[in-house]
Amino acid sequence: MSRYDPAQIEPKWQKAWDEAGVFVARHDPARPKYYVLEMFPYPSGRIHMGHVRNYTMGDVVARYKAAQGFSVLHPMGWDAFGMPAENAAIERGGHPKDWTYSNIADMRGQMKPLGLSIDWSREFATCDPEYYGQQQAMFLDMLAAGLIYRKAAMVNWDPVDMTVLANEQVIDGKGWRSNAPVERRELTQWFFKISDYSGELLAALDGLTHWPDKVRLMQANWIGKSRGLQFAFTTHGAPEGFDRLEVYTTRPDTLLGASFAAISPDHPLAKHLERHDPKVAAFVAQCRRGGTSAEAIETGEKLGLDTGITVLHPFDNDWQLPVYIANFVLMDYGTGAIFGCPAHDQRDFEFATRYGLPVPTVFVPEGVEDAPLAEAFVPMKSERVSYVRGFAGDRVQTGDEAVTAAIDTCEARGIGRGVTNYRLRDWGLSRQRYWGCPIPVIHCADCGVVPEKKENLPVRLPDDVTFDIPGNPLDRHPTWRNCVCPACGGAARRETDTMDTFVDSSWYYARFTAPHATTPTNAAEAAYWMNVDQYIGGVEHAILHLLYSRFFARAMHKTGHLPASAIEPFNALFTQGMVTHEIYKTTDAAGRPVYHLPEEVEDGRLRDGKPVEIIPSAKMSKSKKNVVDPMHIIAQFGADTARWFVMSDSPPERDVEWTASGAEASFKHLGRVWSLCSRIGEMAADHVGPGDDDVRRATARAVQEVSHGIETFAFNKAIAKLYEFTNTLWKADASTPVMKEAVRTLAQLMAPMVPHIAESIWNYQGGAGLCAQAPWPKADAALLVDDTVTLPIQINGKRRAEISVPKDMPASEVEKVALAHEDVVRFLAGQPVKKLIVVPGRIINVVI
RNA sequence: GCGGGUGUGGCGGAAUGGUAGACGCGGCAGACUCAAAAUCUGCUUCUGCAAGGAGUGUCGGUUCGAGUCCGACCACCCGUACCA
């Protein structure tokens, strides 16, 4: 066997796997299936180490499950729509489509050398008309099912780029690209009715037992359930049609602490007043300026305008409260109107202080006198407080009890009703962008909004567009908008908005089960392959992507595109950490920071000897130049080394720091395994090491421990066990057949992580067929138990000695042996033993 | 502010309440070599010549026994933020 040369063996085995069709997912009802999926990449053009780590994790699981006898689905595709392609077109000319497909070709070319067990026959990109056409078909079904609707909504509008921005794209009140102050605008947009599913999406989190608690908690907080009272104030002096003002509160027990009412600047009453009162118009405009008035939020300034309207307290019609328009009241939560209780809400307190409103106390901490407050007293829900202005139930109770009692009392008195509210808002999917899935609806002057006919799908994006003017090229295309109304046959115009790219990624996992079906999914394929058994991706998708996908699977079920069993599409979720690297920084003559690539730095200096400042490990980023190109690593060490490194050392959920020495060490270790394999039978005659039995036992233990490590996503521990096993074999003095067997097993255990070298070793040591198709080794249970055990002896909890005894020695015997041990005798120094604890097979503790 | 998480050698990290530091990096020493690299062998928590002593962010508690469980605190990281 020649030297370890990855450049030679890796392409060879990749070709062999390809030719044998090892990774083609087969719908085989006779076998259990396993669907492993990594979050598909955006085709930026280059893969990075994060991709390598992410896909290697999935690959380890996929290869392990395949060896266990599962029929494995492990696909790959491209999340290909989105702004970067348009930005590239704007900046460098060219077409988003060309840019995207050329990037996909580049990235596929970079991924293939990694030797991933991917079924490439299922590959697709979300910008393929074949894919987005099916997405449009589902849009029409969901529209018909009432899951999609149109409404006017306030949006973040970038006046320079002339598009709507998502909240995440607004930074300090400015557009992330244009840097122009963002405006609030009312636009008519399409929405998914995700809020219909708030309760269900929340409740079903409990069933996702194989998801990280962290992600479940983040989703629960995002959905934001609260229980409270909704009731109507009777207004006094309000315009016609506004004689009642609905408010929502989670603390109805504080109703007697009311001191004002406040409505959102976007509340219908505010809008009405705005039209008739210039002072109101000016105030409302001030609130809307600068996005969600980011400045006011940052300074926490509570601003209001007294409308002159009052409302009557529901308990006392002689008690009037002023109605303000206030900048801190949100239109899209509750009813867009509140009653203010300054004593027990910090915002209300600040507002009341600013505008000189009273601060009546409702309750005080148990055993404390009522006194003027310096800030709002907001107790924990479970904290017991004494009510001085309570109206329901006991005088001393917890918030939870008081709220429930207050809701009951109010309902009994005909004041409002108990209501459950959610923070989750409907998902606006319209984007004024070109490079996205066209929304398949038509606007007809006579018929209004009309869905496109399914036989006319896909509604294709036109290729002849330009990006020299800001805004949506579809809007100004000379002919694309023109179409025929599906209802009346008259001339009509297409919708020029496209879908949020989160729609594309909300169902791709289902499409992989039948990527070329002429319907969005195929019932038989979806029934066999769904759900995704193991989903792997970054925690940055913990809320949006995963929540949207959970909603979408339900919507797909409702429209007949997924079975009921697939409404929670991801059985298990794993969120992996990032690959990080040190940052190397110097400064130029003007004192500006200059960053340097890792390969430019040696021993803390640049090549010209200039010392660099080393900033500790951080996420790899192009701007900081702390990146390592996987292609360079593969060229230098091979794919197996890159794969081995990213799986070792750090637990997969944590960040791993890429270091040159670590990569080199991985390479050296693989070389050591290689030479171990080639030198079997060449042991020196006088060599004394573990013999046949020891090697057999070590092999059984390795099988057990590595399997367990892979199953529990403890890849770093599995790799540590493989090091240990290798070290044992390295020193072994076993007979050739035993060693060959052991090394073959070693190859199999390593194969999920480093499949190429494993294949070579397997082949060299006479393994049958391809290692990638060999069944996973089983540990011989008889070899896993040792005949003798080593027991540490503690004296008063400190380890002082150890004994080696037969495994089945009775405790009474063990006691005798332990007490007779010379070190024990010495430490006891004749003192009586107060207590003797023998934990069989574990430890002995002598208490004196 | 609120919610969650994490603190273990020089570093990444192991450890069902039962021998703290597996495994790897780095370091030191030795072998091979004219020499170096590569490779191999050994050592490597701190302190101490040793016996021993100390030790898992800090303080306290439960236990025969605590990195692990409980309470308080400190530090850092992540998420989220006017949600009534």
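Just so we're on the same page: letters track the sequence lines, and every chain starts at 1. All values below come from the heavy atoms of this structure, side chains included, with hydrogens, waters and symmetry mates left out. Keep in mind it's a predicted model, so treat the numbers as computed, not measured.
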- Note on the structure: In whole angstroms, the gap separating P of B/G18 from CZ of A/Arg842 amounts to 6 Å
- Message: Any base atoms under 4.0 Å from A/Asp213, or only sugar-phosphate, or nothing? Heavy atoms, all strands.
- Response: nothing
- Message: Please confirm whether the shortest side-chain N or O distance from A/Trp730 to OP1 or OP2 of B/C40 is below 4.0 Å.
- Response: no
- Item | Phosphate-side-chain proximity, A/Arg423 and B/U80, N/O vs OP1/OP2 below 4.0 Å | no
- Note on the structure: Whole-Å distance, A/Ile543 CD1 to B/U80 C1', equals 8 Å
- Query: Checking all strands, does A/Lys798 fall into the base, sugar-phosphate, or nothing category for heavy-atom contacts under 4.0 angstrom?
  - Reply: sugar-phosphate
- Can you list the stems that RNA chain B is part of, where a stem is at least 3 pairs in a row, each Watson-Crick or G-U, with both distances below 3.5 Å? B:1-7 with B:74-80, B:10-12 with B:23-25, B:26-31 with B:39-44, B:45-47 with B:52-54, B:57-61 with B:69-73
- Message: So A/Val329, base contact, sugar-phosphate only, or nothing? Heavy-atom distance under 4.0 Å.
- Response: base
- Message: I'd like to know if A/Lys834 reaches the base of B/C64 with its side chain such that a donor and an acceptor end up less than 3.5 angstrom apart.
- Response: no
- Item | Phosphate contact (B/G53 OP1 or OP2) by A/Arg799 side-chain N/O below 4.0 Å | no
Tabulate atom names and distances for all N/O pairs under 3.5 angstrom spanning the protein and nucleotides 42-49 of chain B.
none

- Message: A/Glu613: which residues meet the side chain to side chain contact (heavy atoms under 4.5 Å, CB included) condition with it, sequence neighbours left out?
- Response: A/Lys585, A/Ile615
- Message: Please determine whether a side-chain nitrogen or oxygen atom of A/Lys835 lies at a distance below 4.0 Å from atom OP1 or OP2 of B/C64.
- Response: yes
- Base, sugar-phosphate, or nothing: which does A/Lys721 touch, judged by heavy atoms less than 4.0 Å apart? nothing
- Query: Hey, does A/Ile837 reach any base, or is it just sugar-phosphate, or nothing, if we go heavy atoms under 4.0 Å?
  - Reply: base
- When all nucleic acid strands are considered with a 4.0 Å heavy-atom cut-off, which category describes A/Tyr248: base, sugar-phosphate, or nothing? base
